[in-house]
Amino acid sequence: MDVDTCTAQGIVVSSGQHPGTPSYATVELTWGLILAAMRQIPQQMQSLKSGGWQNGIVDSVGGKTLGIYGYGRIGTAVAEIAKSFRMNVQFWASEGSRERAKADGWHVPESREAFFATSDVLSLHVRLYPTTRGLITAADLAAMKSTALLVNTSRAPLIEPGALVAALKTGRPGMAAVDVYEEEPVRDTSLTLLNMPNVVATPHIGYVTKDEYEVQFTDIFEQILAFDAGAPINVVNPDVLG
């Protein structure tokens with residue numbers, strides 16, 4: 001949201017962000033996509049439904065390295081689950097966030113290049129701001145393993161425009177699992193990303209659960225009622241109140 005313009009127009013922006021509570025629905029979907037892509041569950045289902053049987057040999061996640069870009073609530077929750085799969089976990093983020101990750105006992109590689117080069121599964125968990133748009137570049141993707149999986153349940157514009165499709169065509173990374181797109185909703189079934197055999201794609205359903213809606217809409221309704229009562233809460237742009 002363009003908060004400055006809202007402020008200039010006298011519009012109050014309220015956003016509680018339910019501090020301390022990650023979107024567990026997104027965490028769950030992230031793991032659903034990781035397992036679906038690594039074990040090629042959609043491809044195996046299609047093989048079975050078309051009269052085939054086991055379609056190739058796939059990799060398991062045990063013992064692999066999970067790289068998480070972004071050290072926030074969702075990323076750390078994804079990391080905790082990785083332990084039960086016997087995965088090694090490493091983080092990359094802003095300098096301050098990397099220091100916090102180190103202090104909390106997580107592994108942080110020596111360089112950004114090493115992070116991309118050594119992650120078998122790389123999951124993005126970063127908010128989209130002007131400063132994070134295009135954060136993941138073509139060079140970053142080219143540094144990944146040919147067997148690696150990139151997962152994006154955050155926002156599509158975090159990746160440089162066109163870079164993911166181009167990278168998948170060249171085989172680095174070898175796979176992607178995505179829940180977010182440059183333009184939504186996606187109505188064009190000919191979209192390249194949807195038709196690549198090394199991509200598992202879902203229609204932005206990371207937050208679409210009854211439990212998540214209860215949390216989000218409870219926050220929204222409380223904020224609307226507080227505004228209506230003349231006492232706005234969780235105000236992002238307090239200057240507007242003047």
Residue pair D188 / S190, side-chain donor-acceptor N/O under 3.5 Å: yes

Side-chain (K83) to main-chain (A79) donor-acceptor, under 3.5 angstrom: no

Euclidean distance, M144 CE relative to R172 CZ, rounded to 0.5 Å: 10.0 Å

Shortest non-hydrogen contact from S97 toward Y71: O-CD2, 3.8 Å

Minimal non-hydrogen separation, M87 against W31, with atom names: SD-CH2, 3.6 Å

Atom CD of E110: over 12 foreign heavy atoms under 6.0 Å: no

Expected output: side-chain D239 to main-chain G242 donor-acceptor under 3.5 Å: no

Considering all heavy atoms, the nearest V78-H125 contact: CG2-NE2, 3.8 Å

Backbone of A93 reached by a side-chain donor or acceptor of R98 within 3.5 Å: yes

Connected via hydrophobic side-chain network under 4.5 Å: L193 and L122: yes

Joint hydrophobic cluster, L128 plus I136, side-chain heavy atoms closer than 4.5 Å: yes

Rounded distance [0.5 Å steps], OG1 in T7 versus CG in N237: 3.5 Å

Over 12 non-hydrogen atoms of neighbours within 6.0 angstrom of CZ in R112: yes

Within one Ile-Leu-Val-Met-Phe-Trp-Tyr cluster: V180 and L33, side-chain cutoff 4.5 Å: no

T30 and T153 side chains, donor-acceptor separation under 3.5 Å: yes

ILVMFWY cluster, I34 and I205 together (side-chain gap under 4.5 Å): yes

Side-chain donor/acceptor of D120 to backbone N/O of A148, under 3.5 Å: no

Plane angle bin for F116 and Y69 - parallel if under 30°, tilted between 30 and 60°, otherwise perpendicular: tilted

Nearest-0.5 Å distance, CH2 of residue W106 to CD of residue E80: 4.5 Å

Pairwise distance OG1(T202) to CG(L29) - rounded to 0.5 angstrom: 5.0 Å

Interatomic distance, L135 atom CG to R127 atom CZ [nearest 0.5 angstrom]: 15.0 Å

Polar side-chain atom of D219 near backbone of Q216 as donor-acceptor pair, under 3.5 Å: no

Exam field: side chain T218 to backbone E214, donor-acceptor pair closer than 3.5 Å: yes

V178 backbone acceptor or donor facing N152 side chain under 3.5 Å: no

Y181 backbone acceptor or donor facing E184 side chain under 3.5 Å: yes

Passing candidate, side-chain contact (heavy atoms from CB on, under 4.5 Å) with I41, options M38, Q43, M45: M45

Shortest non-hydrogen separation from E182 to A156 and the atoms involved: N-CB, 3.5 Å

CZ (F227) with more than 12 external heavy atoms under 6.0 Å: no

ILVMFWY network linking V208 to F217, side-chain heavy atoms under 4.5 angstrom: yes

Whether H204 and Y207 hold their rings parallel, tilted or perpendicular, with breakpoints at 30° and 60°: perpendicular

Over 12 non-hydrogen atoms of neighbours within 6.0 angstrom of CZ in R73: yes

N/O donor-acceptor pair under 3.5 Å between Q223 side chain and G16 backbone: yes

Polar side chain donor-acceptor pair, Q90 to S119, under 3.5 angstrom: yes

Spacing of D2 atom CG and Q9 atom CD [to the nearest 0.5 Å]: 10.0 Å

Short side-chain to backbone donor-acceptor contact, E160 and A138, under 3.5 Å: yes

Least distance between heavy atoms, A177 atom then A37 atom: CB-CB, 4.2 Å

Nearest heavy atoms of D59 and R39, plus distance in Å: O-CD, 3.5 Å

Side-chain donor-acceptor contact under 3.5 Å, S14 with N234: no

